[in-house]
Amino acid sequence: MRIKNNEVAVVAIGGLHEIGKNMYCVQYQDEIIIMDCGIKFPEDDLLGINYVISDYSYLIKNRKKIKALVVSHGHEDHIGGIPFLLEKIPEIPVYATPFALALIKGKLEEHGILRTTELHEEHEDTVLKFKKLTVTFFRTTHSIPDTLGIAVHTPLGAVVFTGDFKFDLTPVMNQPAPDFQKMAKLGNEGVLVLLSDSTNAEVTQFTKSERFVAKSLHDIITGIHGRIIFATFASNLYRVSTAIQAAIDTGRKVAIFGRSMENGVQNGIDLGYLNVPDGLIVDANEINHTPAEQVMILCTGSQGEPLAALSRIANGTHRQISLQPGDTVIFSSNPIPGNTLSVNHLINKLMEGGASVVHGRINNVHTSGHGGQEELKMMVRLTKPKYMIPVHGEYRMQVIHTELAQAAGVPAANTFVLENGEVICFGPEGSRIAGHIPAGDVYVDTSGTADVGNVVVHDRQVLSEDGLVVVVATVDYKHKRVLAGPDVLSRGFVYMRESTELINQAQKHIYHIIKSEMDKTEHPKDSVIRNAIIANLSDFLYSKTKRRPLILPMLVEKK
C-alpha cells in the first residue's frame, strides 16, 4: 500500500459489514487520526470468547504517525477496545466527552494502565490542531449522553464521521438537540467524505424520540403493583434516568445490581446527569425487607449475558435476589445482533420463574439510538459530501445507505461499500483503492487474553460439535515397536461402553498407522507419526460415524 503525498487516506480497521468494533482512521502524509476503538460481542459459535477486537498491527507499525484517538461517545462498540490498543501503543493521547471519559477511566483502571494514559476531555467546541490536520466536533443525539460527530480537516476538505446518531429534537435529561447549523457549516466549507452510521438504513421512518419512550415507561411502571426489575444497558443513562424518575413518582426505593450499572449510575450522579434524592437508592439487602410495591431493581443483563445480574436472578443463582410471584421484569433494550437467542432464553426462564415480562417495540419500552432513512438522507443534505462511505452496519445496510446517499445527491460513482482494512485514497485526481491493511478479528477470552487465535476457536467449535478422541501409545523408535496400547479415550464423541467394536477397530487402525510410519524411515519422527494418526484416524472415524472429533495423539517414547 502506498499513499501519495497529496492524498488523504481513509480506512476502517473495524465497523464495516458488522455491528460493532467501530474504528476508523484518517491519514494525511505523516499524521493519523483514529476515530473510536470499539469491540464486538461474539456470535454464539465463538465459544469461550467474551468479545472481539480489531487487529491493531497497522497502527503499531505506524505508531509515530498517530496524533490522537478521538471518541464520538461511550458505548462499548466505540470504546471497548481502547485498553487493548493502549496496551500495545501506550503513548496515544485519548480525547473523549465527559461521560465517555468516565467510562474509559474505569476500563483503564481495570487494566492497570490509567496512570500511564494521556486523557483529555473534549466538547463540541474543542479544536485539536496538529501540524497538518485539525479536528473539530459537532453535537448529535444518541441513546447515551455527550455524543459528538467528528470532523478531521485536511487540505482537501473535511473527513466527517457521524458517530452513532439520530435527530432527536426533544432529548431528555437536559441534553441539547443536534447542532444542525454546525453540520450545515461543515457542508458549506467543503466535506471531502462522509462516514455515516448505517445501523438503521433499512428503517423507513424517523426514529422515535427518547421522550416518547420515557412517557410509555412511566405509564407502564405506574400500573405495576409488585416488584419491578428494570434491565437496560448501564450506559443508557436516559433509560436509567426515566426509571429513577418513575420510582420517585411511585414511591419506590431503588436497588442497583451489576458492577457496570453501579458505575454508570455513579458516573451519572457525579457528572450531574442524574438527579437522585437522598434515601432513594438503598442497599441490596434492604429490599428483601421492603414491601414489593415499593421496590425497583435496576440491573444489567438485558442482552442475556450469562454472568450478568438478571441471568443469575433468572437461574436462581444470585446471592441476594430471587424471583417472587408478582415480579415484573422490564427489558428496556433490543437484542444486539447475535444475542437474540440468549435474550429469548432469558425471557423464557424469567416467565418460568413466575415473573411477568415486558419487552419489545410493541410495548414502546425501547427506541433506537440510530437514525432511520430520512435522518440519514438529512445528514447527507446537511454536510453535502463529495464522497460518501457507509459505516457501522452489515453489508446489506451499507448497500441501502449508498442508495439513500445517491437519492440525496451524491453521485453513484462517489459512494463506496468497503471492507475492513480496504484503504481508499482521495486526491486532486479523484479517488482510488490503494490496497489493504490487516483488519481481521482478534478474540478476547474470559481471562481477558487478547491473543486467542482462529485455530483455538476452531478447536473449541469442533469440541462442542464432535467431541474429543485421545490416543495414547508407548513406542520404541529405536527398535520400531509399539510397547503399549494404543489406547483410545472418547469424550463427547461416543459413549465407550456402547461402542466397544468401534474402539477396538480404531485401536487396530492406529497400531497399523504407527507401525507403517516407523517402517518408512530409519529415524522415525514423533511429529510425523502424530500427524499421520490425526489424518488417518479422522478419515476412519468419519467413515464410521460421519463425525470428525478433535484428535489428540499422546506418544510416550521409551528411551
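Atom set for the values below is all heavy atoms of this structure, side chains included, hydrogens, waters and symmetry mates excluded.
Panel note: side chain Asn420, backbone Leu16; a donor-acceptor pair is recorded below 3.5 Å. With hydrogens and angles disregarded, a donor-acceptor distance shorter than 3.5 Å links the side chain of Arg239 to the backbone of Ser332. Between the side chain of Gln27 and the main chain of Ala9, no donor-acceptor pair closer than 3.5 Å is present. In this structure, the side chain of Thr141 engages the main chain of Asp168 through a donor-acceptor pair within 3.5 Å. Looking only at distances, no side-chain donor or acceptor of Ser311 sits under 3.5 Å from a matching main-chain atom of Ala308. No side-chain donor-acceptor contact under 3.5 Å links Arg139 to the backbone of Thr147.
For the atom pair CD of Glu124 and OG1 of Thr140, the computed distance is 10.0 Å after rounding to the nearest 0.5 Å. The CD1 atom of Ile32 lies 12.5 Å from the CG atom of Leu69; values are rounded to the nearest 0.5 Å. The line from CD of Glu394 to CD1 of Ile400 is 11.0 Å long, rounded to the nearest 0.5 Å. Atom CG of Asp164 and atom NE2 of His73 lie 4.0 Å apart (nearest 0.5 Å). Between the CD atom in Glu262 and the CG atom in Asn267 there is a gap of 12.0 Å [rounded to 0.5 Å]. Once rounded to the nearest 0.5 Å, the distance linking OG1 of Thr154 with CG of Leu133 reads 7.0 Å.
Here the options are Val380, Val410, Leu186, Val159, the test is side chain to side chain contact (heavy atoms under 4.5 Å, CB included), and the partner is Leu194; only Val380 passes. Looking at His392, Glu375, Met397 one by one, the single match for side chain to side chain contact (heavy atoms under 4.5 Å, CB included) with Asp197 turns out to be His392.
A donor-acceptor contact closer than 3.5 angstrom links the side chains of Ser198 and His401. In this structure, a donor-acceptor pair under 3.5 Å is absent between the side chains of His370 and Asn200. Counting only N and O atoms by type, the side chains of His123 and Glu121 include a donor and acceptor under 3.5 Å apart. For the residue pair Arg312 / Thr317, no side-chain donor-acceptor distance below 3.5 Å is found, with atom types taken as modelled. No hydrogens or angles considered: a donor-acceptor pair under 3.5 Å links the side chains of Thr415 and Gln406. In this model, a donor atom of one side chain and an acceptor atom of the other lie less than 3.5 Å apart for Thr170 and Ser209.
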Would you be so kind as to tabulate the donor-acceptor pairs closer than 3.5 Å made by side chains of residues 94-109, with sequence neighbours excluded?
from   : atom 1 : to     : atom 2 : distance (Å)
Thr97  : OG1    : Asp146 : O      : 3.0
Lys107 : NZ     : Glu76  : OE1    : 3.1
Lys107 : NZ     : Glu76  : OE2    : 2.4

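Residue Asn174 places its CG atom among 12 or fewer non-hydrogen atoms of other residues, nucleotides or ligands, all under 6.0 Å distant. Atom NE2 of His345 has 12 or fewer heavy atoms from other residues, nucleotides or ligands within 6.0 Å. More than 12 heavy atoms of other residues, nucleotides or ligands shown are found within 6.0 angstrom of NZ on Lys132.
Aromatic rings of Phe230 and Phe331 (six-membered ring for Trp) have centroids beyond the 6.0 Å cut-off, not under it. Ring centers of Tyr395 and His17: under 6.0 Å apart, within the cut-off. Aromatic ring centres of Phe84 and Tyr56 lie farther apart than the 6.0 Å criterion allows.
Remark: Glu374 engages Lys377 in a salt bridge, criterion side-chain N to carboxylate O under 4.0 Å. Note on Lys131 versus Glu31: no salt bridge recorded, every NZ/NE/NH1/NH2 to OD/OE distance being 4.0 Å or above.
When all heavy atoms are compared, the tightest approach of Ala201 to Gln373 is O-NE2, 2.8 Å. Cys25 approaches Ile13 most closely through the heavy-atom pair SG-CD1, 3.7 Å. Summarising the geometry of Leu156 relative to Phe426, their closest heavy-atom pair is CD2-O, 3.4 Å, with the distance given to 0.1 Å. Heavy-atom minimum distance, Met261 versus Ile256: CG-CG2, 3.5 Å.
Within the structure, salt bridge (charged side-chain N to carboxylate O under 4.0 Å, His left out) pairs that include any residue of residues 3-29 comprise Glu7-Arg432, Glu18-Lys21, Glu18-Lys40, Lys21-Asp441 (at least two apart or interchain). Pairs engaging residues 178-193 under the side-chain hydrogen bond (donor to acceptor under 3.5 Å, both in side chains) rule: Lys185-Glu189, Asn188-Lys384 [sequence neighbours left out].
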Decide yes or no on salt bridge (charged side-chain N to carboxylate O under 4.0 Å, His left out) for Lys64 and Asp30, but give the supporting numbers first.
-> CA-CA 8 Å; Lys64 291 183 179 178; Asp30 59 349; over 6 Å; no
